[in-house]
Amino acid sequence: MLNLTLNGLEISVEKGTTLLEAAKFYGMEIPTLCSDEALSPYGACRLCLVEIGTGNHSRLVSSCTYPAREGLTVRTHTERVVQARKLLLELYLATCPSSKTIQDMASKLGVTKVRFKQKHEECILCGLCVRMCAEQMQGKAIGFVKRGIKRRITAPFAKKSEDCRLCGGCMYICPACQARCQGPQEKSPICNACLNLSAPCLDYFEEAMCYMDPCVACELGTGRKAKAQS
Amino acid sequence: MEERTKTDLENLKKQNGSSVVSLLQEVQEKYNYLPEELLREIAKERNIPLMDIYSVATFYKAFSLSPKGKHKVVTCSGTACHVRGSEKVTREISRTLGIESGHTTEDGLYSLENVSCLGACALAPLVVIDGEYHGSMTSAKILEILNGHTAGKKENGCCCHDQGKKENDCRQVSLPRA
């Protein structure tokens, strides 16, 4: 077992555990787009950045690929980490605004503006589908081709691969496929609908139990119940 | 595929340890490009996923999936070459051969390629024809060389003779100024 400090908490994990797995095990949520428990870590999306070390020697590493070390100090939600994540999400929103997964994550992390040139890609090159196909389905029907800005995911010679069994695993795991709530071609690059939740309740009755309880509006303090109690 | 593939595969099977890159290099050298059918055969014979081969083939610029010309003309557009006027030289070659950079002439004799640096900046602007370095190029000089190149092929007989074709099969690139 390895002993390390996670957000000030003394923890011990088994050798070979990644920082992401350790944080997840101890209930600290780290956002990711390219990691999956059943697939090998890839470190493509960089959203799982955490700060390791202390003082001037601290640095950002991707927690999904960084194995736990003895005596390591890990902080998952420092100012630096959160800023880096928000910037990354802005870039993702500028690349692929039609993805619900990315929009949800942006709202959750409080990203409310996009300062980059807007594009409308359908892929963020996270490589989940490629790994799904190779590792879980033993297919190797799709993969990365070309490099740099021309890099993309396709089947050999851009034809339907003989190795493809139409299992649909690639689409199942894709974080960019699911269209955002208001449809894929909304004008604004950012949805943020979740941030502007209005309380669904009209009135609050002391005696009656709310059918929505527990409700996000009350949790956020905007619901009638929360207002009545305060 | 036809027989050529079979004999090639026999040869390829002999060198077992070789990686995908060296395999593809051999194919590229032999055919001047990577034929799709051959890649499929190799994948099957060597038990390498076709996707892996395709990934490597598209990753490196040294590999081409479409046939390349018999003679390779490489122009350099690195910083040194650029400031000394490689653009004009490239344009001249382009005009003479009638092809854009990255393409091959219709008769399959010449292909033109533009690279970022050839590592011989002292010779800028640089043009490499079939591995032969021509330094300090100008539009006039390159035309002379290109003319000499095609004419030389005429003198020594057809450039395609080694492939067992008849002389008439090989059409020379027609140059506007002789």
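To find a chain, count down the sequence lines: A is the first, B the second, and so on, and within it residues start at 1.
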(message) Is it the case that atom NE2 in A:His77 sees more than 12 heavy atoms from other parts of the structure closer than 6.0 Å?
(response) yes
(request) Heavy atoms only: give me the nearest B:Tyr54-A:Phe157 pair and the separation to one decimal. (result) CZ-N, 3.2 Å
(message) If we ignore hydrogens and angles and just use 3.5 Å, is the side chain of B:Ser55 paired with the main-chain N or O of A:Val145 as donor and acceptor?
(response) no
(request) Take atom CD of A:Gln83 as the centre, draw a 6.0 Å sphere, and report whether it contains more than 12 heavy atoms from other residues, nucleotides or ligands. (result) yes
(request) Please check if atom CD in A:Glu14 has more than 12 non-hydrogen atoms from other residues, nucleotides or ligands closer than 6.0 Å. (result) no
(request) Find the distance between NZ (B:Lys61) and NZ (A:Lys146) and round it off to the nearest 0.5 Å. (result) 11.5 Å
(request) Name the region of A:Ala155, side chain, backbone, both or neither, that has any atom closer than 4.5 Å to a heavy atom of chain B. (result) backbone
(message) Less than 4.5 Å to any heavy atom of chain A: does that hold for the side chain of B:Ile53, its backbone, both, or neither?
(response) neither
(request) Start with the C-alpha gap between B:Thr58 and A:Arg147, add the side-chain angles, then the distance that decides, and say whether side-chain contact (heavy atoms from CB on, under 4.5 Å) holds. (result) CA-CA 8 Å; B:Thr58 53; A:Arg147 59 174 162 170; over 6 Å; no
(request) State, yes or no, whether a side-chain contact exists between B:Phe59 and A:Arg151 at a heavy-atom distance under 4.5 Å. (result) no
(message) Contact between B:Met51 and A:Asp163 at the side-chain level, heavy atoms closer than 4.5 Å - yes or no?
(response) no
(message) If you count every heavy atom of other residues, nucleotides or ligands that lies below 6.0 Å from B:Lys88 atom NZ, does the total exceed 12?
(response) no
(request) Please say whether more than 12 non-hydrogen atoms of neighbouring residues, nucleotides or ligands are located less than 6.0 Å from NZ in B:Lys68. (result) yes
(request) Give a yes or no on this: more than 12 heavy atoms of other residues, nucleotides or ligands lie within 6.0 Å of atom OH of A:Tyr172. (result) no
